[in-house]
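Chain A is the first sequence line, chain B the second, and so forth, proteins listed ahead of strands; every chain is numbered from 1.
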There are 2 protein chains.
Amino acid sequence: MATTVQRHRPPTPGQEAGEEPCWPALSEAPLRRADAETLAGVLRAIADPARLQLISLIQAARGGEACVCDLVAPLGLSQPTVSHHLKVLLDAGLVTRSRRGSWAYYRLVPERLAALAQLLA
Amino acid sequence: MATTVQRHRPPTPGQEAGEEPCWPALSEAPLRRADAETLAGVLRAIADPARLQLISLIQAARGGEACVCDLVAPLGLSQPTVSHHLKVLLDAGLVTRSRRGSWAYYRLVPERLAALAQLLA
DNA sequence: AGGCAGTATCGACAGATGTCGATGTCTCAC
DNA sequence: GTGAGACATCGACATCTGTCGATACTGCCT
């Protein structure tokens, strides 16, 4: 018999089955740890001021693409650092790289950004 | 007279004024450093597996709110750590806290998430 | 009043991350 | 071929971040 008070549970009027969430995602209710890790990985790629500026600069660039030499000055960071950030975005699948001559042109992958937005919506 | 070759500029067919970007945001074209910092701050708050799971758990909870004692077990982290993550989300304005009795109930701020989604779209 | 349960804060520590200068690689112009 | 420019990689370093145990704080119940 539960004569003891059991304050370990807050006054929860009912613990039925889970209802449908009111908004579609963040990957449906419980979100397994592995999925959270994956998602966090992509989010971490854009959770940096320099990389956000890079995305913005690439998006605004003529033809939707930009080479490293166009990005170094506006960011005010060294060329190796800019290359590093671009690699992070590349590994996250948020940009693509295409080499033409000596130059490396980076281009956004809008579907990837859109997928992230979808997921938060 | 540009008789020297100037390989410092890639073969860019024209450098007119900036056109309108094809998709609304990431804060409009150039994105100032300060704005990037602010935005990155909020993104960093959700760019963590534990915090993503917290958001998911709170969203799925009965009544759209959950207290710490309901979140510790599912996350498999210590109570102080969970409190820490909740504070990060709180400081980022992504959740609200309301104390009732001994318990602290956390609730999402959907507008904040929606704003982020909007920004990436 | 006293004890206890739920949370928050503190201090410490390991690991991840952003940054740079130096250096390597590749391509183009001469 | 030689030199120079564009980019990537490497190694080092300072800083940030996630995690924990210990502890302090705050309301409830008896």
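- Distances from the side chain of S102(B) to the nucleotides dC7(D), dG6(C), dT19(D) place dG6(C) closest.
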Quiz item: side-chain contact (heavy atoms from CB on, under 4.5 Å) between V68(A) and Y106(A): does it pass, once the steps are laid out?
Solution: CA-CA 8 Å; V68(A) 182; Y106(A) 287 86; 3.8 Å; yes
Kindly give the atom pairs (protein nitrogen or oxygen, nucleotide nitrogen or oxygen) under 3.5 Å for nucleotides 16-18 of chain D.
| unit_1 | atom_1 | unit_2 | atom_2 | d |
| --- | --- | --- | --- | --- |
| dT17(D) | OP1 | R44(B) | NH1 | 3.3 |
| dG18(D) | OP1 | D48(B) | OD2 | 3.4 |
| dG18(D) | OP1 | R51(B) | NH1 | 3.4 |
| dG18(D) | OP1 | R51(B) | NH2 | 2.8 |

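- Distances were taken from every side-chain heavy atom of R33(A) (C-beta onward) to each of dT9(C), dT19(D), dA8(D); the shortest belongs to dT19(D).
- The phosphate of dA8(D) has OP1 or OP2 within less than 4.0 Å of a side-chain N or O from Y106(A).
- Qualifying salt bridge (charged side-chain N to carboxylate O under 4.0 Å, His left out) partners for R97(B), counting only residues two or more places apart in sequence or in other chains: none.
- Partners of R33(A) under the side chain to side chain contact (heavy atoms under 4.5 Å, CB included) rule, at least two apart in sequence or in another chain, are E37(A), P49(B), Q53(B).
- Rounded to whole Å, the distance from CD on E65(B) to P on dG6(C) is 17 Å.
- Rounded to an integer number of Å, the gap from R100(A) CZ to dC26(C) C1' is 17 Å.
- Place G76(A) and G101(A) on DNA chain C by their nearest nucleotides, and G76(A) ends up nearer the 5' end.
- Here dT17(C) presents its C1' atom at 17 Å from CG of L43(A), a figure rounded to the nearest Å.
- For residues 106-121 of chain A, the set of pairs meeting the salt bridge (Lys or Arg N to Asp or Glu O under 4.0 Å) definition, not counting sequence neighbours, comprises E65(A)-R107(A).
- T38(A) pairs by the side chain to side chain contact (heavy atoms under 4.5 Å, CB included) definition with nothing, not counting sequence neighbours.
- Contact check, S83(A) against dA8(D): a side-chain N or O comes under 4.0 Å of OP1 or OP2.
- Put simply, S78(B) has a side-chain N or O that comes within less than 4.0 Å of OP1 or OP2 on dC20(D).
- The side chain of R97(A) has dA8(D) as its nearest neighbour among dT9(C), dC7(D), dA8(D).
- Distance check, rounded to the nearest 0.5 Å: CD1 of I55(B) to CG of L31(A) gives 9.5 Å.
- Between the side chain of Q79(B) and the base of dA8(C) there is at least one donor-acceptor pair of N/O atoms closer than 3.5 Å.
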Show the atom names and distances, to 0.1 Å, of all donor-acceptor pairs under 3.5 Å that link a side chain in residues 85-94 of chain B to residues at least two apart or in another chain.
| unit_1 | atom_1 | unit_2 | atom_2 | d |
| --- | --- | --- | --- | --- |
| H85(B) | ND1 | R51(B) | NH1 | 3.0 |
| K87(B) | NZ | D91(B) | OD2 | 3.4 |

